[in-house]
Amino acid sequence: MASWLGGLREDYPGGHGQFIDAWTGRLRGGHWDAATAVLLGAKTAGQAARVWPIPEDQAFARWIYPAFFPDEVAEIVERWSADFASNPTHWDRNRGRAVMYEWIESGVVETPRHDGAVLMLVGGWAADPGRPLLGWLLARPKVTAGIFTRIFSTPGVRGASLEQADHASVDHPMRTVVVPGLVTAGVWKRGFVVEGTRSALSGDLPAYQRRWFARLASDLGV
């Protein structure tokens, strides 16, 4: 153990101390994270992207994938986005994967192309719709500009759509809190929201999803 700790990378989250006597007593979350790390390290990036659930410790999860797959994080992000779009209610598989937005914000990986990255935000996996999501977006301008801006052109799916996100709340937090909040903060211009809304309404969205944009158009007076 002593020799292994001596060779531990200096930038390892939490440092050496956390491992002293760490394998005595009852199993804890850190033990499962360690086991998952071993599993990830034995796989290619494509295989590792299909492993779930990811480590529970988000600081560890944020670090381990770029450490193991420094040139292939984009492959993992695209896979996670596609997985989400295919089944937004697969709670165990999707849990924790919103850590990918931290890689995007910090420049570890480019903004993913897959619409699942947008839907994961709409579905509340990074932060709950409303003030929590608004604050989260304001703190992450790169994610907001590169991903959340695409809500006007990304069709929802069963389990993750703007209409569904607001349906359960009498306050309609996506429409009446998040969107106007971004405008008030100067992140979005009102004209951008107007044009995005018109574009969405002129598209071929299902009626259920069109209703959200129709209400937003009414809010905007257009």
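Excluded from the calculations below are hydrogen atoms, water molecules and symmetry mates; all remaining heavy atoms, backbone and side chain alike, are included.
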**Q** Rounded to the nearest 0.5 Å, how far does CZ of Arg190 lie from CD of Glu195?
**A**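 These two atoms lie 10.5 Å from each other.
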
**Q** With clusters defined by side-chain heavy atoms of hydrophobic residues (ILVMFWY) lying less than 4.5 Å apart, directly or transitively, does Val51 cluster with Ile54?
**A** yes

**Q** Does Glu110 have more than 12 heavy atoms from other residues, nucleotides or ligands lying within 6.0 Å of its CD?
**A** no

**Q** Is the shortest heavy-atom distance from the side chain of Trp52 to the side chain of His90 under 4.5 Å?
**A** yes

**Q** Would you check if the side chain of Arg95 reaches a backbone N or O of Trp91 as a donor-acceptor pair within less than 3.5 Å?
**A**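 Pair absent, no side-chain N/O of Arg95 close to backbone of Trp91.
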
**Q** Whether the side chain of Ser199 engages the backbone of Phe152 through a donor-acceptor N/O pair (distance < 3.5 Å, no angle test) should be reported.
**A** no

**Q** Do any N or O atoms from the side chain of Asp33 and from the backbone of Glu56 form a donor-acceptor pair under 3.5 angstrom?
**A**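 Answer holds: yes.
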
**Q** Report whether Tyr208 and Leu201 are members of the same hydrophobic cluster (ILVMFWY, side-chain heavy atoms less than 4.5 Å apart, transitive linking).
**A** no

**Q** For Lys142, is the NZ atom crowded, meaning more than 12 foreign heavy atoms sit under 6.0 Å from it?
**A**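 Enclosed.
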
**Q** Between the side chains of Glu163 and Arg210, is the shortest nitrogen-to-carboxylate-oxygen separation below 4.0 Å, so that they form an ion pair?
**A**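 No salt bridge links Arg210 with Glu163.
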
**Q** Kindly give the heavy-atom pair with the smallest separation between Ala48 and Tyr65, and that separation in Å.
**A**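 Residues Ala48 and Tyr65, closest heavy atoms: O-CE2, 4.5 Å.
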
**Q** Sort out for me which residue in Asp219, Val183, Val222 forms a side chain to side chain contact (heavy atoms under 4.5 Å, CB included) with Val193.
**A** Val183

**Q** Sub-3.5 Å donor-acceptor pair from the side chain of Gln164 to the main-chain atoms of Gly159, do we have one?
**A**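 At least one qualifying donor-acceptor pair exists.
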
**Q** Taking Tyr101 for its side chain and Ala117 for its backbone only, find out whether a donor-acceptor pair lies under 3.5 Å.
**A** yes

**Q** Going from CH2 on Trp125 to CG on Asn94, what distance comes out if it is rounded to the nearest 0.5 angstrom?
**A**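 The distance works out to 4.5 Å.
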
**Q** Looking at Pro88, is its backbone amide N or carbonyl O close enough to the side chain of Arg158 to form a donor-acceptor pair, meaning the two atoms are under 3.5 Å apart?
**A** no

**Q** Got a second to check how far Leu137's CG is from Leu121's CG, nearest 0.5 Å?
**A** 6.5 Å

**Q** State, with a plain yes or no, whether a side-chain heavy atom of Met100 is found less than 4.5 Å away from one of Ser81.
**A**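 Yes. Closest side-chain heavy atoms under 4.5 Å.
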
**Q** I'd like to know if the side chain of Asp171 reaches the main chain of Pro173, judged simply by a donor and an acceptor atom lying under 3.5 Å from each other, with no hydrogens or angles considered.
**A** no

**Q** Which heavy atom in Gln58 sits nearest to a heavy atom in Gly96, and how many Å separate them?
**A** OE1-O, 3.3 Å

**Q** Please answer whether the main-chain N or O of Thr44 pairs with a side-chain N or O of Gln47 as donor and acceptor at a distance below 3.5 Å.
**A**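 Judged by distance alone, yes, a pair lies under 3.5 Å.
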
**Q** Please round to the nearest 0.5 Å and tell me the distance separating atom CG of Asp166 and atom CG of Leu216.
**A** 10.0 Å

**Q** Between Trp80 and Trp103, is the ring centroid distance below 6.0 Å?
**A** yes

**Q** Among Leu134, Val179, Leu133, exactly one meets side chain to side chain contact (heavy atoms under 4.5 Å, CB included) together with Met174. Which residue is that?
**A** Leu133

**Q** Mind checking the CG-CZ spacing from Leu205 to Arg211? Nearest 0.5 Å is all I need.
**A** 12.0 Å

**Q** Between the side chains of Thr197 and Arg215, is a donor N or O closer than 3.5 angstrom to an acceptor N or O?
**A**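 Absent: no donor and acceptor within the cut-off.
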
**Q** Are the side chains of Pro112 and Ile104 in contact, using a 4.5 Å heavy-atom criterion?
**A**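 The answer is yes, as the side chains (C-beta and beyond) meet within the 4.5 Å cut-off.
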
**Q** Looking at every non-hydrogen atom in both residues, tell me the closest pair between Leu138 and Ala185 and how far apart they are.
**A**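 Leu138 and Ala185 have their closest heavy atoms at CD2-CB, 3.7 Å.
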
**Q** Is any side-chain heavy atom of Pro66 less than 4.5 Å from a side-chain heavy atom of Val108?
**A**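 Yes, close enough: below the 4.5 Å cut-off.
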
**Q** Verify, without hydrogens or angle tests, whether Thr111 (side chain) and Gly146 (backbone) share a donor-acceptor contact under 3.5 angstrom.
**A**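 No, because the side chain of Thr111 does not come within donor-acceptor range (under 3.5 Å) of the backbone of Gly146.
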
**Q** Please report the shortest heavy-atom distance between Pro155 and Leu119, naming the atom on each side.
**A** O-CD2, 3.7 Å

**Q** Taking the side chain as C-beta and beyond, is there a heavy-atom pair between Pro141 and Val187 under 4.5 Å?
**A**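 Sidechains of Val187 and Pro141: no contact.
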
**Q** Can you confirm whether Val143 sits close enough to Phe148 that some side-chain heavy atom of one is under 4.5 Å from a side-chain heavy atom of the other?
**A**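 Contact flag for Val143/Phe148 side chains = no.
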
**Q** Where do Ala126 and Trp136 come nearest, in terms of heavy atoms and distance?
**A**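 Closest heavy-atom pair between Ala126 and Trp136: CB-CZ2, 3.6 Å.
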
**Q** What pair of heavy atoms forms the shortest contact from Phe68 to Ala37, and how long is it?
**A** CE1-O, 3.2 Å

**Q** First locate atom CD1 of Ile147, then atom CZ of Arg150, and finally report the distance between them rounded to the nearest 0.5 Å.
**A**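 CZ of Arg150 is found 6.5 Å from CD1 of Ile147.
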
**Q** Got a sec: does the CZ of Arg131 have more than 12 other heavy atoms crowding it under 6.0 Å?
**A** no

**Q** Determine whether Leu162 and Arg175 satisfy the following criterion, side-chain contact (heavy atoms from CB on, under 4.5 Å), listing intermediate values before the conclusion.
**A** CA-CA 8 Å; Leu162 292 164; Arg175 196 188 89 236; over 6 Å; no

**Q** What verdict does the side-chain hydrogen bond (donor to acceptor under 3.5 Å, both in side chains) test give for Ser86 and Arg93, after you've listed the backbone C-alpha separation in whole Å, the side-chain angles of each residue and the deciding distance to 0.1 Å?
**A** CA-CA 11 Å; Ser86 70; Arg93 186 177 69 183; 3.2 Å; yes

**Q** Would Arg97 and Asp83 pass as an ion pair if we require N to O under 4.0 Å?
**A**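 Salt bridge flag = yes for Asp83 with Arg97.
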
**Q** Given 3.5 Å as the limit, does a donor-acceptor pair link the side chain of Glu78 with the main chain of Arg113, or not?
**A** yes

**Q** Check ring-ring contact (aromatic ring centres under 6.0 Å, His included) between His167 and all other residues, then give those that pass, not counting sequence neighbours.
**A** none

